[in-house]
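Nothing here was measured: the structure is a model prediction, and the numbers come from that model. A, B, ... follow the sequence lines: proteins, then strands. Residue 1 opens every chain.
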There are 2 protein chains.
Amino acid sequence: MATIYEVSKLAGVSLATVSRVINNTAPVRASTKEKVEAAMRELGYRPNSVAQSLASNRSNSIGILVSELGGPFYGELLSRIESEFRAVGKHVIVAAGHSDAELERESIEFLRSRNCDALILHVESVSDDYLRGLADSGTPFVVINRHVAAVADRCITLDNELGGYLATHHLLERGHRRIAYVSGPMWKHDASERYKGHLRALKEFSVAEDKSLFFEGDFQETGGVRALHHFLDAKAKFTALVCANDEMASGAITVAHEVGLEVPAELAVVGFDNVNFSHYTYPKLTTVDYPIEAIGQMAARWVLKHVYQQPVPELKAVFQPQLIPRDSA
Amino acid sequence: MATIYEVSKLAGVSLATVSRVINNTAPVRASTKEKVEAAMRELGYRPNSVAQSLASNRSNSIGILVSELGGPFYGELLSRIESEFRAVGKHVIVAAGHSDAELERESIEFLRSRNCDALILHVESVSDDYLRGLADSGTPFVVINRHVAAVADRCITLDNELGGYLATHHLLERGHRRIAYVSGPMWKHDASERYKGHLRALKEFSVAEDKSLFFEGDFQETGGVRALHHFLDAKAKFTALVCANDEMASGAITVAHEVGLEVPAELAVVGFDNVNFSHYTYPKLTTVDYPIEAIGQMAARWVLKHVYQQPVPELKAVFQPQLIPRDSA
DNA sequence: GCTATAAATGAAAGCGCTTTCATCATAGGC
DNA sequence: GCCTATGATGAAAGCGCTTTCATTTATAGC
């Protein structure tokens with residue numbers, strides 16, 4: 001691989017000048033620029049990004065930390081973030097935190113040691129304090145899907161409470177009054193927020209909260225399976241089920257089929273997230289849309305603006321979910 | 001951030017010695033090592049990976065190029081690859097090629113310019129010649145899910161032909177004789193291989209190929225939708241449908257529900273890939289398992305062995321798919 | 001044509017590390 | 001004890017680039 005030095009020799013200019021035409025960082029006479037570019041072409045020169053990073057103290061890399069790299073949800077997030085950065089010549093380093101505080105912290109350190117210019121974090125377990133400390137340490141980062149008061153200006157979130165409200169409201173509007181709720185782990189911020197929204201909707205329709213119609217799942221398919229079995233075993237009376245995400249809703253629908261409960265006639269089901277497979281269920285899942293791509297894009301733009309000083313369209317911090325009525329409720 | 005220089009001063013040794021204890025690259029007296037480690041701890045020192053890369057000509061990063069970052073399939077692949085590398089302190093840079101030759105080439109160049117130590121490529125559109133050239137250029141890389149004769153030693157593949165055979169064989173064994181086939185784009189290697197396997201199974205059961213029962217889809221849900229509509233509109237007679245991937249199978253099942261065709265009683269459906277949502281369909285999808293994680297792991301190990309000279313368990317180049325019988329066929 | 005100012009360019013000092021080579025200390029072998 | 005073979009360590013030269021600062025060249029004003 002040719003180096004900048006060889007280019008400068010061939011073009012008959014100094015290293016500095018070559019660097020200037022590469023980075024367009026200072027005016028260079030048109031004829032000089034021409035010569036340099038010709039030399040670069042001739043040598044098939046491509047700047048060594050590592051050397052650039054070391055010298056400029058910018059790595060042009062952004063670290064992304066999500067809970068799981070697999071799964072429908074994060075895939076779309078990554079996809080969007082990558083394409084945003086790719087378009088401006090930056091690259092994305094990914095890591096998984098697996099919803100574990102220790103792992104999350106370790107992953108963040110890992111990304112930091114990689115000299116990422118910024119981090120985009122989807123972290124669930126690490127404490128608010130830790131994030132505050134991280135901000136103090138000077139590492140630029142954005143947090144997705146979590147509101148942390150101490151670093152509120154770097155949080156991009158979905159109004160989960162509204163989402164929970166929307167889901168339950170939809171059912172209430174259609175006359176359901178006995179609505180069971182399958183939550184995610186309540187220590188997760190989004191899970192508890194969604195549940196709050198559920199309660200608000202109930203209240204609005206003067207339906208009292210019934211603890212026997214609450215089940216704390218795990219945001220996985222099995223959570224939905226166990227939930228429905230639990231309610232059925234307890235002989236709970238309910239005509240509708242709201243699940244705090246689509247995976248659990250799928251699990252619940254599977255069980256409904258198995259026990260011969262017709263959806264939505266005997267049991268209406270609504271999910272949350274609108275992941276890509278949510279319309280593969282039968283009947284197609286009514287759910288609340290999580291605008292994950294828009295959020296990913298916004299996170300990328302935050303970085304573009306605050307770290308790379310690029311002009312970007314207006315930033316938005318809180319996104320509104322939307323109900324997607326399909327066939328299951 | 002502290003530098004190696006400060007550590008060496010505090011520990012009262014030279015830069016070289018500090019480097020040695022960091023990299024464990026030459027013997028250092030235990031007492032010296034102790035001092036250095038203490039100094040590192042005291043300063044909260046972490047090596048600057050960019051400087052390390054520049055000096056050692058190793059970036060400790062691996063570029064991964066897949067068609068789409070979203071989607072069930074690639075997510076699991078990435079997930080596995082990342083965790084393999086993460087465990088040994090290497091990081092993963094991701095890019096998407098979107099099945100487009102130009103984009104794939106550009107992405108590869110992009111990753112190369114990032115000084116990746118190796119690339120793991122899931123490329124569909126770039127030519128065999130291009131890959132040969134890439135190999136000649138000295139960039140280490142592995143190709144996943146595609147056999148390229150010129151660089152056969154760097155290909156890790158699934159026996160797609162066998163997979164296609166298995167799917168159709170399963171149906172034939174259960175008495176089906178009129179089996180429609182929904183393929184992926186035939187220019188994609190895996191799609192054509194799977195179809196070959198289908199034909200082999202038919203032949204084995206002395207069933208003649210019927211071109212009217214073939215439909216070339218797009219590996220997307222809509223492909224399955226269009227396929228089934230196509231067959232139905234053409235009043236084709238068939239009792240089973242094999243789809244070259246699960247997305248298309250889902251689409252087909254959805255249509256079956258819509259038109260009141262009972263699965264599997266009136267129409268047996270088998271998919272391919274066994275992606276994570278394949279059991280969310282109703283009935284649960286019978287499919288062919290694509291051991292994507294194992295393949296990801298193997299790709300990572302190939303790199304570990306050939307690029308980082310690490311000892312790894314035996315490498316395997318061709319994986320055998322397996323039929324996963326569920327409820328749809 | 002001459003100076004004052006701005007535009008182009010070059011020289012050289014790093015960026016934080018690895019690695020070669022030389023040096024010094026230590027331990028056996030006789 | 002002396003010599004040699006190792007084991008430990010340090011000095012210093014890069015890795016390929018960016019960036020400051022100084023210098024040279026062009027432009028304008030009179």
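Nucleotide D/dC17 holds its P atom 7 Å from the CD atom of A/Q52, rounded to whole Å. Distance CG (A/L15) to C1' (C/dG14): 13 Å, rounded to an integer number of Å. Distance CG (B/N57) to C1' (C/dG16): 16 Å, rounded to an integer number of Å. Across the protein-nucleic acid pair, B/R46 atom CZ and C/dC17 atom C1' stand 15 Å apart, rounded to whole Å. Atom pair B/E34:CD and D/dT9:C1' shows a separation of 18 Å (rounding to whole Å applied). If you measure from atom CG of A/N24 to atom P of C/dT9, you get 13 Å, rounded to the nearest angstrom. Taking atom CE of residue A/M40 and atom P of nucleotide D/dC17, one finds them 11 Å apart after rounding to whole Å. One atom, NZ of B/K35, and another, C1' of D/dT9, lie 10 Å apart when rounded to the nearest Å.
Nucleic acid contact for B/T3: sugar-phosphate only, since backbone atoms but no base atoms lie under 4.0 Å from a heavy atom of the residue. A/S56 comes within contact range of the sugar-phosphate backbone alone, with a heavy-atom separation under 4.0 Å but no base atom that close. Counting non-hydrogen atoms under 4.0 angstrom, B/V18 reaches nothing in the nucleic acid. Using a 4.0 Å heavy-atom criterion, one finds that B/N48 contacts the sugar-phosphate atoms exclusively. Counting any heavy atom pair closer than 4.0 Å across all strands shown, A/T32 reaches sugar-phosphate atoms only and no base atom. Among the heavy atoms of the strands lying under 4.0 Å from B/V13 are primed sugar atoms or P, OP1, OP2 only; no base atom is included. Using a 4.0 Å heavy-atom criterion, one finds that B/S53 contacts no nucleic acid atom at all.
Listed pair B/N23 / C/dT18 meets the phosphate criterion, a side-chain N or O lying under 4.0 Å from OP1 or OP2. Applying the 4.0 Å criterion to OP1 and OP2 of D/dG10, one finds that B/T17 has a side-chain N or O inside that range. At the phosphate of D/dA11, neither OP1 nor OP2 sits under 4.0 Å from any side-chain N or O atom of B/S14. One finds a side-chain N or O of A/Y45 lying less than 4.0 angstrom from the OP1 or OP2 phosphate oxygen of D/dC17.
Between A/E6 and A/K9 there is no salt bridge, since no side-chain N of the basic residue sits under 4.0 Å from a carboxylate O of the acidic one. Here B/R146 pairs with B/D128 in a salt bridge; the nearest charged N to carboxylate O distance falls below 4.0 Å.
Side-chain N/O atoms of B/E68 and B/H98 include a donor and acceptor closer than 3.5 Å.
Comparing C/dA8, C/dC17, C/dT9 against the side chain of B/I4 picks out C/dC17 as the nearest. Here the nucleotide nearest the side chain of A/A55, chosen from C/dT20, C/dC17, D/dG16, is D/dG16.
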Kindly indicate, with the supporting measurements, whether the criterion salt bridge (Lys or Arg N to Asp or Glu O under 4.0 Å) is fulfilled by B/E109 and A/R46. CA-CA 10 Å; B/E109 285 311 306; A/R46 265 192 344 234; 2.6 Å; yes
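Judged by a 6.0 Å distance limit and a 45° cone about the ring axis, B/K305 is not positioned over the six-membered ring of B/Y308.
Counting heavy-atom neighbours within 6.0 Å of A/D153 CG, excluding the residue itself, gives a total above 12.
Along DNA chain C, the nucleotide nearest to B/R20 and the one nearest to B/P47 differ in position, and the one closer to the 5' end is contacted by B/P47. In this structure, A/R29 and A/A51 both approach DNA chain D, and ranking their closest nucleotides by distance from the 5' end singles out A/A51.
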